[in-house]
There are 2 protein chains.
Amino acid sequence: MTSGEETPQRPGERWPTARGPRAGARATSRDVARAAGVSQATVSLVMGEKWRGRVSERTAEAVRSAARSLGYRPNLAARDLRLGRTRTVLLVVPALTNEFFARVHTGVVRVAREHGLGVVLYLSPEGTGPAPDPFASASATLDGVLASSMAAEALGALRGGGLPLVMLDSDPGREGASATVNPDIADGMRQVAGHLLGLGHRRFLHLASDIDTWTFRVRARALADALCATSGVTVRTERAPLTVADGLRATEKALAEPGHRPTAIICDDDVLAAGACKAARRLGLHVPADLSVTGFTDLALATAVEPELTTVQLPAEAVGEAGMRALVAVLDGRTPAPEALPVRLVTRGTTAHART
Amino acid sequence: MTSGEETPQRPGERWPTARGPRAGARATSRDVARAAGVSQATVSLVMGEKWRGRVSERTAEAVRSAARSLGYRPNLAARDLRLGRTRTVLLVVPALTNEFFARVHTGVVRVAREHGLGVVLYLSPEGTGPAPDPFASASATLDGVLASSMAAEALGALRGGGLPLVMLDSDPGREGASATVNPDIADGMRQVAGHLLGLGHRRFLHLASDIDTWTFRVRARALADALCATSGVTVRTERAPLTVADGLRATEKALAEPGHRPTAIICDDDVLAAGACKAARRLGLHVPADLSVTGFTDLALATAVEPELTTVQLPAEAVGEAGMRALVAVLDGRTPAPEALPVRLVTRGTTAHART
DNA sequence: AGCCTCGGGTTTTACGTATAACTTGAAGCG
DNA sequence: CGCTTCAAGTTATACGTAAAACCCGAGGCT
């Protein structure tokens, strides 16, 4: 019927050689049992660390040494089949090319490794729209899910699964989440506000993200609260996608408007701050003498530009680590409390006293 | 014996609840068989796309509809156990926080998904030294391995496995590799040399990586060859780790030396170029009027700095895609030819005519 | 003595799938 | 007709592991 007969569509016969070249057949627990002169069940008991009071120290040692000399490794597919689990968790993030999430991922993988768990990534599509089924994409069954709030749309399909779900960088009270972990971004914004107010700034531009997720709503709210505590403060908001080019565009537009001329720009992300600095330079303004700029996240980019960005350092890897630890706790039947990780304002070259 | 009795060390009893909350028991092929009024074997035949000539269209459709209404998903652990494979490949890279590798990873995952394969990451330790066993770290058996040359040290343990191995960004003739895929970096360096020679530059500084892998050796060699073709050219080499700060330091040091004063700095990476630009500014030099600078890779950083970097754009995602495709080919028993992917010089704001 | 406990194992079974080997009824055919 | 061929299934088995259920001999207790 179909043309293209040369394409082998029979899955069962694919990769017949994949097993062949492997050095002999891998040793199984039965091989170990034979070598140690015990039954397969005993091997399973010993390897599973459940032998206390069930197997004598003599036999246990015999089994261990036989396993060692045969290079025995348990077949994980068989173990998973037996136990009905997968040792695999799904991490849902927008994109790893976003350095923040790459660092979160690093942390997640580190503690996953400690617990013998595998991490499979689901990169949620950039735009919105109905996301493809994360389960299918993972092509694996899962024990649990870690997800960023920036990928919340992709979570529809996960609801039905009833899987343990840990939200990173998200609303602590979020429904459906077994646990939440996030950097204390509200405190970060308060630190920014305090820093700039202390430098005498009163007219602000808030260069915000154009996406409406918890993390950015919190920033806006915390900033507004912190600034309103002081009288005589004005703040305008401009929204833009999180890229340098868009930050530049938005800043040029905002600074061109008459009336409100800010002395400081507070950005939701370092890439926006980099764009703002470029815009300022094009308009003949000197940063930080004429205009102060703050970033958020502390990406590598923050110290690559000149002058280096004053920014809020987010503990990205720690978020990943804490998130994975929380998921392990949930899998163990415990219920971890929501965590808010401390953040820290790093003052560098883009902030200075306001022009009088 | 050991203290800390409250820690449950019995792996078998961990996560007893993980299966419980899952919505009922998942449907198996036997459930589907019962619903469709056929045997389990028939279901397997139909789902495996091997039913042509073995099962009538009527029954096949009945099976498919039963599977659909039960929400049947094959248990992959069972399938793997039966077939003796894992549908999992290992990707070995230095770090995902390096944007280049994050993009390679994105490409790898994209085509892995098309083939129903999972990708597990092994992040090779930054420093050298004996790497931990990638197999253990993966906590999974593997069908194949994709590895970056920058993580070559971590590959010792893989040799013994006899697994298909595709090298990315590596020596085409590398022993032990089933296939190789890399961007044509030699051509990239030739383009850089041609561009700068055309602008009248004759005195160069090559700001190189301090790590000695194939990719950087090739750059040095290609650059030397291209520059030597023209007479009256001098080139000095300075080595530095791939960070902005180190690039800055190395440039300051090189420019402070007497005698040889370059008019152009050719960098092995964008981060070094960013550092070089910062150094130039501190020394009162104007880029590109007084000094031209070129980068390599075209990271996001390249357009974040001011002026934007002239750099060589590497097709990172394409490398990942081609690498994964090559690995699939090897798994299918074919032997793919080494691939060199085209690169392209992007001229932006950091290069100009040499001062006369 | 009779009964129970308990350490130290073994036997057996189930997990869900893929497929080799077998069955069966009908059609083809010289 | 008697033989093969063929479509369309079914039955049976194996993959490697974990663990429930069983077994057995030696003490301990009343």
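Within every chain, numbering begins at 1; the chains are lettered A, B, ... in the order of the sequence lines, protein sequences first and strands thereafter. Everything quoted here is computed from the prediction, not taken from an experiment. Atoms considered below: every heavy atom in the structure, side chains included; atoms not considered: hydrogens, waters and symmetry mates.
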Could you check how far [atom1] of [X] sits from [atom2] of [N], rounded to whole Å?
| X | N | atom1 | atom2 | answer |
| --- | --- | --- | --- | --- |
| A/Asp80 | C/dG16 | CG | P | 13 Å |
| B/Arg34 | C/dG16 | CZ | P | 11 Å |
| B/Arg79 | C/dT19 | CZ | P | 9 Å |
| B/Arg30 | D/dT11 | CZ | P | 12 Å |
| A/Asp31 | D/dT17 | CG | C1' | 13 Å |
| B/Leu83 | D/dC15 | CG | P | 13 Å |
| A/Asn75 | C/dT17 | CG | P | 16 Å |
| B/Leu81 | D/dA18 | CG | P | 12 Å |

Taking all atoms of both residues into account, what is the closest heavy-atom pair of A/Ala179 and A/Val330, and its distance?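 Minimum heavy-atom contact is CB-CG2, 4.5 Å.
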Where do A/Ser29 and A/Val43 come nearest, in terms of heavy atoms and distance?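 It is O-CG2, 3.7 Å.
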Which angle, rounded to 10°, do you find between the first-five-pair axis and the last-five-pair axis of the helix from C/dA1-D/dT30 to C/dG30-D/dC1?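 Angle reported: 60°, given to the nearest ten degrees.
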State which residues pass side-chain hydrogen bond (donor to acceptor under 3.5 Å, both in side chains) with [X]; sequence neighbours excluded, sorted by chain then number.
| X | result |
| --- | --- |
| A/Thr42 | A/Ser39 |
| B/Thr59 | B/Ser56 |
| B/Ser65 | none |

Under 4.0 Å protein heavy-atom contacts per nucleotide of nucleotides 4-11 of chain C, with B for base, S for backbone only and - for none: ----BBBB
So which of A/Val166, A/Leu327, A/Val92 actually passes side chain to side chain contact (heavy atoms under 4.5 Å, CB included) with A/Val145?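 Answer after filtering A/Val166, A/Leu327, A/Val92: A/Val92.
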D/dT17 phosphate, OP1 or OP2, under 4.0 Å from A/Ser29 side-chain N/O: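 So the side-chain polar atoms of A/Ser29 do come within 4.0 Å of the phosphate oxygens OP1 or OP2 of D/dT17, strictly under.
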Judged by modelled atom types alone, do A/Thr86 and A/Asp80 share a side-chain donor-acceptor pair under 3.5 Å?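 The answer is no; no qualifying pair exists.
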May I ask you to say what A/Thr28 touches in the nucleic acid, namely base, sugar-phosphate or nothing, with a heavy-atom cut-off under 4.0 Å?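 Sugar-phosphate contact only - A/Thr28 comes under 4.0 Å of backbone atoms but never of a base.
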Kindly indicate, with the supporting measurements, whether the criterion side-chain contact (heavy atoms from CB on, under 4.5 Å) is fulfilled by A/Glu61 and A/Arg64. CA-CA 5 Å; A/Glu61 184 46 40; A/Arg64 274 191 298 257; 3.2 Å; yes
Check salt bridge (Lys or Arg N to Asp or Glu O under 4.0 Å) between A/Glu317 and all other residues, then give those that pass, not counting sequence neighbours.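 A/Arg110.
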